[in-house]
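See structure below.
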Amino acid sequence: MTSLDSNEMVLNMGPQHPSTHGVLRIVLKLDGERVTGTDCIIGYLHRGVEKIAENRTYVQFAPYVDRMDYLAAVSNGLGYCLAVEKLMNAVATPRAQAVRVILTELNRIASHLLWLGTHALDIGAITPLFYTLREREAVLKIFENYCGARLTTHAFRIGGLQYELYDGFEKEVEAFCTQFLPKVDEYEELLSGNRIWRERLRGVGVIDVETCKRFGVTGPVLRAAGLAWDLRKSQPYSGYEQYEFDVPTRTSGDTLDRYFVRLDEMRQSVRIIRQAVANIPSGPIMTKIAKVVKPAVGEAYVSIEAPKGELGYYIVSDGTTHPYRLRVRPPSFVNLQALGHMAKGALVADVVAIIGTIDIVLGEVDR
Amino acid sequence: MAEEPKPVKAPAVMATVPWEGPIPDLLREHFGAAVLETSSYLDQPFAVVTLPAMVPALELLHAEADFDYLVDITAVDYPKRTPRFELVYIVYSHLRNERIRLKAAVGLGEQPLSAVPVFVGANWLEREVYDMFGITFSGHPDPRRILMPDEWTGFPLRKDYGIVEMDNRWVQANLGIESGQ
């Protein structure tokens, strides 16, 4: 941010602002109530994850990825395991793949639920948070029963799974699906039909498909703008090609549409989970893979559709047990860059809505 | 530390296969000898080009082959090589549903062209490459650090930067402690 006109003022938002969902600082340049420029200051949570990776073995590094997007730790773990498996030329067993899909989709629901609750809270609707956290609790309980951890799960291992499913897993997941679907309709009743909610979000933070592409924006933000692009469909991994599901899209690319897209995505996730849980293949949960993970010299980029967009891992192997270079392509970081475009000309109060609607996790932005 | 003698082994290299098709042909047709390699590893195609050809190549792929989404820009440090760094650009085409990598070697002090005129999204990605590796991009609209503090010295992802190393001067001045360790 360079010079100021006489009728412009600078407003510092964050890093300790509750609506920035972590430690994000935004320097807003204002003309009255209108935003004329934004400058994001990030890095408060920078832990040097990529540097740590170079100093750990492939196996040791696996739990670290959970700490990036800690609201979707399972997705992070899936992406990492797939990337290392690609380098090793290994594929997880069908049983492991199905379980991975179930847990990842449950995690997508959990991530979207927390997003919905906090986003509504930012905007002034306090009630949905209690409902969404109640349903999220059910998902976290399943994680806890499966692997003992609720948030940073470290659910997967390179080559498959560490743990066999516990007794009653299928029943518990199916029960969750059955009771969850009506809840989504309940959120809709609370919010979609609410005139204040609609008027508050319509036309706020508009971004079109072309701009999304220029910024590299992915995930629900891109789909709400109208492009039905989802890596689970376009480049399926972990057996997603076996499941029937739709890619929800909307057309106007505003905050309201992004809300609708995420609600629909939760319903689609339930569809996928139901298909997967109904026939989990039997067999081993670990594929035959060397005990010491030591990929051949080479490099690979593997990405998955995380709840927030394309999450990619670019790993360069020098043939040792440690990654020579590990790069994480974080969806939150890339999507946050479009904030400046989306907030330009908006009201200060809308900036809160726009930050919420991009759905960022600062642990992933800063790594 | 004295170097221990190691058993002589053949140098390990990436077992690539040639990458044929319309895209490598397009690149060769426009850039000729500036395209140094077109290969594929684990079914993931990549091209190695000279540094000056990188941004024009991105522009060409964007305009003529629909590679309209810049996925990522990153770098890898090879201290023993000259030029020392390797810049990696990953681009994707929604129309073709293809993802490719473009790579170029960058020496210490060399200034690659910024890709921001082609993809706005390159802005933060290039800032991160500068922040972590000290590679500056010429023509970048906002050449600041992004994750580390602005006054920090040193580039953490370089191989000669230790895992517990830090800018003690910055830590003492700003955090009021002797050292972060």
Side-chain angles (χ1 to χ4, degrees), chain A residues 1 39-48 50-52 54-56 86-89 209-218 222 227 229 233-235 296-303 310 312 314 316-320 324-325 327-330 333-338 340-341 365-367, chain B residues 9 11-16 41-44 46 62 67-78 86 88 90-92 94 97-101 103 116 118-125 127-129 131-132 142 144-150 152 156-159 161-166:
Chain A
M1 203 158 287
D39 186 15
C40 290
I41 318 278
I42 58 173
Y44 294 96
L45 272 183
H46 181 59
R47 292 149 291 175
E50 294 174 13
K51 187 78 179 178
I52 293 171
E54 294 173 10
N55 290 275
R56 295 282 179 279
K86 174 94 182 168
L87 273 176
M88 310 257 307
N89 239 328
V209 173
E210 279 317 305
T211 319
C212 280
K213 284 183 186 168
R214 287 196 300 123
F215 276 103
V217 169
T218 49
L222 176 66
L227 189 66
W229 186 71
K233 280 272 187 220
S234 63
Q235 303 193 338
V297 175
E299 53 178 53
Y301 174 84
V302 174
S303 61
E310 175 171 355
Y314 174 66
V316 179
S317 165
D318 60 352
T320 65
Y324 185 77
R325 167 94 174 96
R327 156 78 181 165
V328 184
R329 191 264 180 207
F333 177 82
V334 181
N335 290 0
L336 180 61
Q337 203 181 166
H341 173 85
V365 173
D366 297 341
R367 281 154 292 137
Chain B
K9 256 197 302 189
V13 285
M14 191 154 53
T16 55
Y41 181 68
L42 298 172
D43 299 324
Q44 297 190 343
F46 65 90
H62 185 356
F67 282 87
D68 49 0
Y69 162 32
L70 176 71
V71 181
D72 203 2
I73 304 177
T74 190
V76 188
D77 183 12
Y78 297 98
E86 190 173 66
V88 184
I90 305 172
V91 285
Y92 175 84
H94 285 99
N97 190 19
E98 272 179 59
R99 190 187 286 116
I100 61 171
R101 283 197 294 273
K103 308 200 286 183
V116 174
V118 192
F119 297 102
V120 196
N123 189 327
W124 282 20
L125 297 169
R127 276 176 69 185
E128 193 181 338
V129 170
D131 196 359
M132 294 294 146
D142 189 14
R144 287 179 297 159
R145 283 182 179 268
I146 187 159
L147 295 176
M148 304 303 284
D150 284 344
W152 194 271
L157 277 182
R158 285 190 183 176
K159 286 285 177 187
Y161 198 95
I163 178 112
V164 293
E165 195 175 330
M166 63 183 63

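To find a chain, count down the sequence lines: A is the first, B the second, and so on, and within it residues start at 1.
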*Thinking salt bridges, do B/Glu128 and A/Arg367 make one under a 4.0 Å N-O criterion?*
yes
*Are side-chain N/O atoms of B/Asn123 and A/Gln337 paired as donor and acceptor at under 3.5 Å?*
no
_Is A/Arg329 close to chain B through its backbone or its side chain, or both, or neither, when contacts mean heavy atoms under 4.5 Å?_
both
*Check whether the ring centres of A/Phe215 and B/Trp124 lie less than 6.0 Å apart, and answer yes or no.*
no
*Select one option (side chain, backbone, both, neither) describing which atoms of A/Glu299 are under 4.5 Å from chain B's heavy atoms.*
both
*Against chain B, label A/Thr211 side chain, backbone, both or neither, depending on which of its atoms sit under 4.5 Å from a heavy atom there.*
neither
*Under the 3.5 angstrom rule, does the side chain of A/Arg325 hit a backbone N or O of B/Asp77 as a donor-acceptor pair?*
no
_Please classify the contact between A/Phe333 and chain B as side chain, backbone, both or neither, with a heavy-atom cut-off of under 4.5 Å._
both
*A/Leu227 portion near chain B, given a 4.5 angstrom heavy-atom threshold*: side chain
*Would you mind checking which part of A/Asp318 comes under 4.5 Å of any heavy atom in chain B, side chain (CB onward), backbone (N, CA, C, O), both or neither?*
neither
*asked:* For A/Asp366, which atoms come within 4.5 Å of any heavy atom of chain B: side chain, backbone, both, or neither?
replied: both
_Electrostatic pair B/Glu165-A/Lys51, nearest N-O below 4.0 angstrom_ = no
*Sort A/Glu50 into side chain, backbone, both or neither according to what part of it lies under 4.5 angstrom from a heavy atom of chain B.*
both
